[in-house]
Amino acid sequence: MKTDEVLHAALELLEMLSAAPGQHISARHAAEELDIDDNELDRCCELISNLADRSSGARAIVHRVDDDIVLEGEAGRLLPLRLTLSEGIALSCVLADLHIEPDIAERISHALLPPGIAGDQNARVAGTVSFGSCLQTLREAIQDGVRCSMGYRTQGEDAPRVRIVDPHAIETSSDAAYLIAWDIHADAQRRYRLDRIAHVALTDDSVTPHPYRDEDVSSSLAQEGRRVVLSVERETAESLDWKAVERLDGDPERPGHMLVAVFVTSKQWLFDQVLAQGGRMYIEEPAHMRCELAAYARHLLGSPAAQQGDAPA
């Protein structure tokens, strides 16, 4: 046998011994399974016995006892690892976010995850940030200084629109990850949620220097968003955890309510929040958005009669 063939057979023998009850198998069975003769089996045993644990120096001991091959000591055992349910869900989430090769992710899943979790790429851990499917391409573009063509869908849009951007940095908050980039068409700094980026393609152009501002999500919304004043039930207003929220004063027109200013970049998001509150939140300014909210509500109802009527704002 060639050296690489002996090594391959020795590893298979080590795997067989680790899985066998009591870590011993018959020499005859081992030789038949490995398709080797008795002398080659002895060479495999000798090779395994030369293995040592790097940290402790402990050696694997493989020798013959009568007609059996026996593995002694922990250094040579291939101990299987099986995660708990919660650990498995966490690993499944990480595998989905890393976007490694599908066959590698599948092998890791089937080797480590508990039954029922393996291959479930939708399993999530509370508070987990999604990095989307284009993180690696964006990192390469940032590192190499390459301009990108990017499909991005803002909240409320049915399909992504193409943006030409100079990528600058990746930032992560408690609930989302963002690409900080310069929008070439708008000639302005923008922040894009990674999980809303549908695709990224590198162009032949290099990025150019831009005056980036060091700002968080709240500052970005204040720069790019539209200021809206809401009248919100006081208890609800005090529990709001939105970004860029400013609690103003009590609402003299509605007892038990207070005025709240918020910067929004998506009217649909705002309308969904107002409708979800079921009368505990009203749009005060700008006034035209109350009419847009009414039209949006009629659209959700989907009824021609409702769309022609006057729904309350």
Do the ring planes of His168 and Tyr212 sit parallel (below 30°), tilted (30 to 60°) or perpendicular (above 60°)? parallel
Please evaluate residues Glu5 and Glu40 with respect to the criterion side-chain contact (heavy atoms from CB on, under 4.5 Å), reporting the C-alpha separation (whole Å), side-chain torsions for both, the decisive distance (0.1 Å), and the verdict. CA-CA 10 Å; Glu5 293 175 334; Glu40 292 168 338; over 6 Å; no
Is Glu235 salt-bridged to Arg280, cutoff N-O under 4.0 Å? no
Quick one: do Leu202 and Thr137 satisfy side-chain contact (heavy atoms from CB on, under 4.5 Å)? Show the steps, please. CA-CA 8 Å; Leu202 305 182; Thr137 304; 4.1 Å; yes
Check: Asp67/Ser26 side-chain N/O donor and acceptor closer than 3.5 Å: no
Do Val200 and Ser149 pass the side-chain contact (heavy atoms from CB on, under 4.5 Å) test, and can you show the C-alpha distance, the side-chain angles, and the key distance before you say yes or no? CA-CA 6 Å; Val200 174; Ser149 172; over 6 Å; no
Closest approach of Ile69 to Ala27 (non-hydrogen atoms, all atoms of both residues): CG1-CA, 3.9 Å
So does His288 have more than 12 non-hydrogen atoms from other groups sitting under 6.0 Å from NE2? yes
Nearest heavy-atom approach of Leu275 to Ala297 is CD2-CB, 4.3 Å
Is there a side-chain contact between Arg290 and Tyr282 in this structure, where contact means two heavy atoms from C-beta onward sitting under 4.5 Å apart? no
Is there a path of hydrophobic side-chain contacts, each under 4.5 Å between heavy atoms of I, L, V, M, F, W or Y residues, that connects Val228 with Phe271? yes
List the residues meeting side chain to side chain donor-acceptor pair (under 3.5 Å) with Glu33, not counting sequence neighbours, and say none if there are none. none
Checking His199 now: which residues fulfil side chain to side chain donor-acceptor pair (under 3.5 Å) with it, not counting sequence neighbours? none
Any donor-acceptor N or O pair under 3.5 Å, side chains Tyr178, Asp195: no
To the nearest 0.5 Å, tell me how far Ile36 CD1 sits from Glu12 CD. 9.0 Å
Indicate if Met150 and Val146 have the same hydrophobic cluster label, given that clusters are the connected sets of ILVMFWY residues with side-chain heavy-atom separations under 4.5 angstrom. no
Can you tell me how far the CD atom of Gln189 sits from the CG atom of Asp183, to the nearest 0.5 Å? 11.0 Å
From Met258 CE over to Asp249 CG, what is the distance, rounded to the nearest 0.5 angstrom? 7.5 Å
Is there side-chain contact between Ile170 and Leu179, with heavy atoms separated by less than 4.5 Å? yes
To the closest 0.5 Å, what do you measure between CD (Glu46) and SG (Cys44)? 10.5 Å
Would you say Ile164 and Cys148 make side-chain contact, with heavy atoms under 4.5 Å? no
Which residues pass the side chain to side chain donor-acceptor pair (under 3.5 Å) test with Asp42, sequence neighbours left out? Arg64
Pairs meeting criterion salt bridge (Lys or Arg N to Asp or Glu O under 4.0 Å) with involvement of residues 137-148, two or more places apart: Arg147-Asp166
Looking at Gln277 and Val274, would you say the former's side chain and the latter's main chain have a donor-acceptor pair under 3.5 Å? no
Using a 3.5 Å distance criterion without hydrogens, assess whether the side chain of Asp68 forms a donor-acceptor pair with backbone atoms of Val70. no
Pro160 and Ala198: which non-hydrogen atoms are nearest, and at how many Å? CG-CB, 3.9 Å
Would you say the side-chain atoms of Tyr296 and Asp272 include a donor-acceptor pair closer than 3.5 Å? yes
Close side-chain approach of Ile197 and Leu135, heavy atoms under 4.5 Å: no
If you round to the nearest 0.5 Å, how far is CZ of Arg43 from CG of Asp38? 13.0 Å
Kindly indicate whether the side chain of Leu13, heavy atoms from C-beta on, has any atom under 4.5 Å from the side chain of Leu41. yes
Is the closest side-chain heavy-atom distance between Trp182 and Asp187 below 4.5 Å? yes
Test side chain to side chain donor-acceptor pair (under 3.5 Å) applied to Tyr152 - qualifying residues, sequence neighbours left out: none
According to a 4.5 Å side-chain heavy-atom criterion applied to Ile, Leu, Val, Met, Phe, Trp and Tyr, with indirect links allowed, do Tyr192 and Val207 form part of one hydrophobic cluster? no
Show your reasoning for whether side-chain contact (heavy atoms from CB on, under 4.5 Å) applies to Val232 and Asp251. CA-CA 8 Å; Val232 186; Asp251 186 349; over 6 Å; no
Non-hydrogen side-chain atoms of Leu34 and Met16 separated by less than 4.5 Å: yes
Residues which pass salt bridge (Lys or Arg N to Asp or Glu O under 4.0 Å) with Glu284, listed by chain and number, not counting sequence neighbours: Arg254
Working to the nearest 0.5 angstrom, can you tell me the gap between Met281 CE and Gln273 CD? 7.0 Å
Taking the side chain as every heavy atom from C-beta outward, state whether Leu138 and Leu194 have any atom pair closer than 4.5 Å. yes
